[in-house]
*Asks:* 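Pasting a structure here, questions to come.
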2 protein chains.
Amino acid sequence: MLSAACKESIRAMIYIAHAGGDKKIIPVKEVAEKLETSFYFLAKNVQKLVKAGLLFSYKGPKGGVKLAKSPEEIKLIDIVEAIDGLEFFETCLLGFKECSDEHPCAIHHKWADKRKAIYKLFSETSLKDVVEDMEKNCLQIIF
Amino acid sequence: MLSAACKESIRAMIYIAHAGGDKKIIPVKEVAEKLETSFYFLAKNVQKLVKAGLLFSYKGPKGGVKLAKSPEEIKLIDIVEAIDGLEFFETCLLGFKECSDEHPCAIHHKWADKRKAIYKLFSETSLKDVVEDMEKNCLQIIF
DNA sequence: TATATTTAAGATTAAGGAGTCTTAATTCTT
DNA sequence: AAGAATTAAGACTCCTTAATCTTAAATATA
């Protein structure tokens with residue numbers, strides 16, 4: 001459902017919020033090392049997050065990125081939208097071109113329920129929620 | 001979430017159930033025409049459905065495919081499993097390798113709820129449900 | 001039995017996303 | 001001003017999935 005790029009971007013945002021929040025600048029290189037992933041791949045996705053207004057970036061020595069807003073203002077759905085887009089939440093599950101609220105396919109309404117529930121979860125969950133939860137429970141295992 | 005191949009396979013199964021059920025043999029060519037899709041692509045996916053035991057196939061003139069079980073015995077989840085597999089229902093939404101019931105990530109449990117709800121919907125919805133609903137409401141628009 | 005029709009299987013090609021690399025631009029530090 | 005560090009941008013390669021084609025196998029029908 002979420003692309004590999006999107007999952008990694010969310011994990012990156014969690015690390016940035018955890019390590020620097022909207023105050024400290026963190027080099028992308030450091031994020032890639034902590035996530036044990038490719039710097040190149042991560043850097044490309046970070047560029048999208050910058051363009052989407054979720055991160056500020058700074059070039060040069062001591063450069064890097066930091067959150068462009070406070071962690072409670074950044075919702076998971078913002079990251080999903082920036083990387084994957086919202087198509088998932090807008091199209092017929094079975095791919096019927098004619099499917100719509102007026103001419104719903106057999107599972108249109110039931111699927112809409114599930115889809116909306118997921119959208120709600122992503123819209124209501126902020127980086128702050130995620131980071132606080134993980135700092136309590138499991139962040140030391142992961143980073 | 002579902003691959004293009006999977007969505008098309010579900011639509012194909014709906015058409016086969018509608019036009020032939022587990023009685024009449026329908027040529028794959030006819031299915032491809034009704035779905036307005038590539039015969040080649042569809043035929044390859046149909047082979048998977050045959051191997052998964054969802055369809056019987058018959059070669060030669062008057063050949064084609066028909067349901068291997070009654071429409072109420074075939075659930076959407078069976079088609080998803082045959083084409084895409086069930087990985088979607090088994091992995092961490094954020095891609096944390098260490099995430100598990102014991103060391104859950106911040107949205108592990110909430111996501112598990114959503115995922116299970118989708119699995120339930122797919123497991124409880126049979127081809128019969130879908131076809132009956134669509135024959136009532138919208139099938140004439142679609143095929 | 002010969003022919004036409006249909007699926008089976010595997011090879012091949014195309015497209016898109018994942019992942020890598022190179023060069024340019026910026027900026028801190030000396 | 002020079003050099004080093006860092007992101008920005010775009011080109012490039014690789015891999016998976018989508019899509020196509022070819023040949024073989026099976027079978028109904030004349």
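Protein chains get the first letters and strands the later ones, always in sequence-line order, with residue 1 at the start of each. Basis for what follows: all heavy atoms, side chains included, without hydrogens, waters or symmetry-related copies. Everything quoted here is computed from the prediction, not taken from an experiment.
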*Asks:* Salt bridge check, Lys34(B) against Glu30(B): does any charged N sit closer than 4.0 Å to a carboxylate O?
*Replies:*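 No, no charged N to carboxylate O under 4.0 Å.
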
*Asks:* For a quick test of reading the model: is some side-chain N or O of Ser38(A) closer than 4.0 Å to OP1 or OP2 of dT20(C)?
*Replies:* yes

*Asks:* Where the side chain of Phe41(A) is defined as all heavy atoms beyond and including C-beta, which of dA18(C), dT6(C), dA8(D) is the nearest nucleotide?
*Replies:*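 Within the option list, the nearest is dA18(C).
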
*Asks:* For Val28(A), answer base if it contacts any base atom (sugar-phosphate contacts may also be present), sugar-phosphate if it contacts only those atoms, and nothing otherwise; contact means non-hydrogen atoms under 4.0 Å.
*Replies:* sugar-phosphate

*Asks:* Just the rounded figure in Å: distance from C1' of dG19(C) to CG of Asn45(A).
*Replies:* 10 Å

*Asks:* Less than 4.0 angstrom from a charged side-chain N to a carboxylate O is my criterion; do Glu132(A) and Lys136(A) meet it?
*Replies:*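 No, no charged N to carboxylate O under 4.0 Å.
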
*Asks:* Closest to the Ser3(B) side chain: dA28(D), dA25(D), dA18(D)?
*Replies:* dA18(D)

*Asks:* Is any side-chain N or O of Ser57(A) closer than 4.0 Å to OP1 or OP2 of dA8(D)?
*Replies:*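 For dA8(D), OP1/OP2 do have a side-chain N/O of Ser57(A) under 4.0 Å.
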
*Asks:* Want to settle it: does Tyr58(A) or Lys44(A) sit nearer the 5' end of DNA chain D, counting the closest nucleotide to each?
*Replies:*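 Closer to the 5' end of DNA chain D: Tyr58(A).
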
*Asks:* Does a side chain donor of either His103(A) or Asn137(B) reach within less than 3.5 Å of an acceptor in the other side chain?
*Replies:* no

*Asks:* In whole Å, I'd like the distance from the CG atom of Leu49(A) to the C1' atom of dT7(D).
*Replies:*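 Distance, rounded to whole Å: 14 Å.
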
*Asks:* Starting at OH of Tyr40(B) and ending at C1' of dT7(C), how long is that distance when rounded to a whole Å?
*Replies:* 13 Å

*Asks:* To the nearest Å, how far apart are Phe39(B) CZ and dT22(D) P?
*Replies:*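 Those two atoms, CZ and P, are 14 Å apart.
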
*Asks:* Specify the separation, in whole Å, of atom NZ of Lys24(A) and atom P of dT6(D).
*Replies:*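 Result: 13 Å.
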
*Asks:* Return the value, rounded to whole Å, for the distance between atom CD of Gln47(B) and atom P of dA25(D).
*Replies:* 15 Å

*Asks:* Walk me through whether Asp101(B) and His109(B) qualify under side chain to side chain donor-acceptor pair (under 3.5 Å).
*Replies:* CA-CA 8 Å; Asp101(B) 288 342; His109(B) 292 116; 5.1 Å; no

*Asks:* Tell me: CD of Glu8(B) to C1' of dT17(D), nearest whole Å?
*Replies:*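 Rounding to the nearest Å, CD of Glu8(B) and C1' of dT17(D) are 13 Å apart.
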
*Asks:* Answer with base, sugar-phosphate or nothing: what part of the nucleic acid does Gly60(A) contact at a heavy-atom distance below 4.0 Å?
*Replies:* base

*Asks:* Can you identify which nucleotide, out of dA4(D), dT6(C), dA28(D), has its nearest atom closest to the Pro61(B) side chain?
*Replies:* dA28(D)

*Asks:* Under a 3.5 Å distance rule, please check whether Asp22(B) uses its side chain to pair with a backbone N or O of Ala68(B) as donor and acceptor.
*Replies:*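 Such a contact is absent between Asp22(B) side chain and Ala68(B) backbone.
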
*Asks:* Round to a whole Å and report the spacing from CZ of Phe56(B) to P of dT6(C).
*Replies:* 21 Å

*Asks:* Starting the side chain at C-beta, find the nucleotide from dT29(D), dT27(D), dA18(C) nearest to Ala4(A).
*Replies:*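 Of dT29(D), dT27(D), dA18(C), dA18(C) is nearest to the side chain of Ala4(A).
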
*Asks:* Lys51(B) near the nucleic acid: base, sugar-phosphate alone, or nothing, with a heavy-atom cut-off under 4.0 Å?
*Replies:* sugar-phosphate

